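Below, each value reflects all heavy atoms present in this structure, side chains not excepted, and no hydrogens, waters or symmetry copies. The sequence lines fix the lettering, A, B, ..., with proteins before strands; numbering per chain opens at 1. Fair warning: this is a prediction, and the values are worked out from it, not measured in the lab.
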Amino acid sequence: MRTIRLQDTAGGELRELRPRVDGRIGIYVCGPTVYSRVHIGNGRPFVVFSLLKRFLVHEGYDVTLVSNLTDVNDKIYAAAVREGVPSGDLAVTMGDHYRADTDRLGLGRPDVEPLATTSMPAIIDLIADLVARDAAYAVDGDVYFRVRRDDRYGSLSHRDVDQMDQGEGDDAPGGASLKEDRLDFALWKATKPGEDTAWDSPWGRGRPGWHIECSAMAEEALGLGIEIHGGGNDLVFPHHENEAAQTRCARDAELAAIWMHTGMLELRGEKMSKSVGNVLPLHRAIDEIGRDALVLLYASAHYRKPLGFDDQAIAGAQGSVRRLRELGRRIATAGDPGAADAATDASGRPDPHRDAFFAALADDFNTAAALGHLWRWVREANGTLDAGSPVDPAPLREMLDVLALADVLEPVDGHDADDGPDDAALALLAARDEARAAKDWARADALRDELAAAGWTVRDGAGGAELVRGDR
RNA sequence: GGCACCGUGGCGGAGAGGCUACGCAGCGGCCUGCAAAGCCGUGUACACCGGUUCGAAUCCGGUCGGUGCCUCCA
């Protein structure tokens, strides 16, 4: 196993990944609040942590990826009222959409996907523990977390509690606050008129606050000191700060060893978010861009950096996928060079590009740098093929597999069953061969145009002409 | 205002004191009847101004511009 280092938001520096139990890694990622279809910005953590899991599995770890769905919350109530449906129904519908949309990414599912609504016992227990420890207090059916009780509050997001306190703004727009301190936040909220779901608790009927559910679900699924806790960097404060504080005060232990945060997607230099209105829904992105190009696009930037999404970037990713496909096709037609170990080339030498690829991933999961090495491999392979030698695709497949892109090497190219040229196309090709033999270039070119219209690209090679599926 | 961070060639995007990735697009060449594909080559790229250094895109200071969070947000 390689030494793997990841940037920890709390420490602000690279931290070595050290499993609590040898060979086992737990990852908890904050998933979406299911009140509408997810967009490609929401998709980034899903992709990043799914790919990270693939990499860790490749490295020999037994990985458990847990990602929750927040299915009770103000936004869901509001959206349900707008649409005139029960909030529980809306959450179920949108949860189903979320799973279906992310399924289409082809990255598999997280191992566990807990729901807030089915985690109530753990949530209530955790709140009760906080109350018992005096880190939380109940008022009129609400329960609040006593922020100043946690002397390390602010350590994750690098904020000073006293400075936070100086901010302005109204605390409770609708009325007087029940909080002892304006920094305190709700663990449990008494049910209000207009809210159509509520659960019994020692403090009365109500529902959990947003932050507490993650502390409870994460601990329930993975225990304390989770190797990696992740999410978008817009969750650092207050969500993750609060999660960390809750667990710390309830358990005298840290919830996570490494806090990993993904950067925002940007459209025209602005964060993509529903409130800005510049969103591209994930399912539409998959339709329009293509699953492979989309995954490649996510992988093309380091996960912590902002990633610009524009037409040229999308076209670039699509072009890259085409090149990969083309190489896969060339390798397949060139024949089997004899199986070699994935870590060595066909002649038994170590494969430096493959090694550099995985080393880059071990260094703060730098998929962008890793791709750079993959492309060098691609270029060399093409050169080998140009020279007439076969190429062993095993190292390439190994690299692409970690990025969930190995399917581009499949000769069948996608899901169409009707692979292979039909008789009509083959007849046109034969006619063109004749015309070429007769040096009737005009006729040969006309036949090539006909083939193109039928969706076939003619490729003249040393072994004669062949037909390749044209680009859309 | 506070905290975190960013400004790299047409676009995307690595890197982080000397070796100036990579992809897409462009241009030139090889190959080809012509193309396509591939290969080779190619671009005054590191916001600006100072400083440190033998040497800075990389370090320090400042300036300008931008982003995120500080309220729900991946």
Side-chain angles (χ1 to χ4, degrees), chain A residues 9 12 29-33 35 38-49 67 73-75 78 154 157-160 162-164 166-171 173 210 230-239 241 261-266 269-276 296-297 300-302 304-324 326-327 329-330 356 360 366-376 378-387 436 439-442 444-445 448-449 452 457-462 465-466 468 470-471:
Chain A
T9 301
V29 181
C30 288
T33 298
Y35 69 102
V38 293
H39 59 72
I40 54 174
N42 302 304
R44 173 121 94 148
F46 187 92
V47 173
V48 165
F49 290 103
S67 185
N73 138 317
D74 288 328
K75 284 190 165 182
S157 58
H158 309 283
R159 280 157 215 257
D160 183 64
D162 293 318
Q163 274 179 340
M164 280 184 239
Q166 292 174 359
E168 294 168 35
D170 313 310
D171 197 51
W210 177 37
N233 70 8
D234 52 352
L235 296 185
V236 175
F237 189 91
H239 187 53
E241 188 73 59
H261 291 100
T262 59
M264 296 292 108
L265 240 49
E266 291 181 355
E270 231 177 352
K271 170 190 176 183
M272 181 178 297
S273 79
K274 288 164 188 166
S275 38
V276 179
L296 186 65
L297 197 46
S300 69
H302 183 92
R304 275 193 283 120
K305 287 218 171 170
L307 171 55
F309 239 77
D310 59 36
D311 292 343
Q312 282 198 64
I314 291 165
Q318 290 171 326
S320 297
V321 168
R322 269 199 297 278
R323 177 132 94 109
L324 250 16
E326 179 63 16
L327 174 60
R329 199 191 58 77
R330 294 188 79 198
N366 195 336
T367 51
L371 277 170
H373 296 110
L374 182 146
W375 288 115
R376 288 168 184 259
V378 167
R379 194 201 300 147
E380 280 184 24
N382 271 313
T384 304
L385 291 163
D386 277 355
R436 292 187 71 216
K439 294 198 193 300
D440 183 353
W441 306 129
D445 289 350
R448 183 168 59 199
D449 289 344
T457 299
V458 179
R459 201 154 286 171
D460 294 321
E466 61 175 326
V468 180
D471 301 323

For this session: Mind checking A:Ser157 for me? I need base, sugar-phosphate or nothing, with any heavy atom below 4.0 Å counting as a touch.
Result: sugar-phosphate
Exercise. So what does A:Trp441 hit on the nucleic acid, given a heavy-atom distance under 4.0 Å: a base, only sugar-phosphate, or nothing?
Worked result: base
Seminar exercise, completed: Rounded to whole Å, the CG-P distance (A:Asn233 to B:C6) equals 12 Å
Problem set entry | Between P of B:A74 and CZ of A:Phe237, the distance in whole Å | 17 Å
For this session: Nearest-nucleotide wise, let me know which of A:Arg376 and A:Ala442 is further upstream toward the 5' end of RNA chain B.
Result: A:Arg376
Problem set entry | Sidechain-backbone polar pair: A:His239 side chain, A:Asp234 backbone, donor-acceptor under 3.5 Å | no
Exercise. Can you tell me how far P of B:A14 sits from CG of A:Leu371, to the nearest Å?
Worked result: 11 Å
Exercise. Which is true for A:Ala368 with a 4.0 Å heavy-atom rule: it touches a base, it touches only sugar-phosphate, or it touches nothing?
Worked result: base
Exercise. Could A:Arg329 and A:Glu326 be called an ion pair, given the rule that one side-chain N must be under 4.0 Å from one carboxylate O?
Worked result: yes
Exercise. Has the side chain of A:Asp386 got a donor or acceptor that lies under 3.5 Å from a partner of the other kind on the base of B:C40?
Worked result: no
Seminar exercise, completed: Comparing nearest nucleotides in RNA chain B, the 5'-proximal residue of the pair A:Asn73, A:Arg459 is A:Arg459
Exercise. Which part of the nucleic acid, if any, lies within reach of A:Gly263 when heavy atoms closer than 4.0 Å are counted: base, sugar-phosphate only, or nothing?
Worked result: base
Problem set entry | Any N/O donor-acceptor pair, A:Arg436 side-chain to B:G33 base, under 3.5 Å | yes
Problem set entry | Watson-Crick/G-U partner (both atom distances under 3.5 Å) of B:C69 | B:G2
Problem set entry | Atom-pair distance (CZ on A:Arg448; C1' on B:C34), nearest Å | 6 Å
Exercise. Does any N or O in the side chain of A:Glu241 come within less than 3.5 Å of the main-chain N or O of A:Gly154, such that one atom is a donor and the other an acceptor?
Worked result: yes
Exercise. Ignoring hydrogens and angles, does a donor from either the side chain of A:Asp445 or the base of B:G33 sit under 3.5 Å from an acceptor on the other?
Worked result: yes
Exercise. Can you check whether A:Asn366 has a side-chain N or O nearer than 4.0 Å to OP1 or OP2 of B:A14?
Worked result: no
For this session: Answer with base, sugar-phosphate or nothing: what part of the nucleic acid does A:Pro306 contact at a heavy-atom distance below 4.0 Å?
Result: sugar-phosphate
For this session: Name the pairing partner of B:C11, where a pair is Watson-Crick or G-U wobble with both distances under 3.5 Å, or state none.
Result: B:G23
For this session: Quick one: label A:His373 by what it contacts on the DNA or RNA (base, sugar-phosphate, nothing), any heavy atom closer than 4.0 Å.
Result: nothing
Problem set entry | Sugar-phosphate, base or nothing in reach of A:Leu297, heavy atoms under 4.0 Å | nothing
For this session: Identify whether any heavy atom of A:Val236 sits under 4.0 Å from a base atom; if not, whether one sits that close to sugar-phosphate; answer base, sugar-phosphate or nothing.
Result: nothing
For this session: Run the salt-bridge test on A:Asp386 and A:Arg379 with the 4.0 Å N-O cut-off and return the result as yes or no.
Result: no
Seminar exercise, completed: Answer for the Watson-Crick or wobble partner of B:C59, both distances under 3.5 Å, is B:G51
For this session: Search all heavy atoms of A:Ser300 against all heavy atoms of A:Leu307 and return the closest pair with its distance.
Result: OG-CD1, 4.3 Å
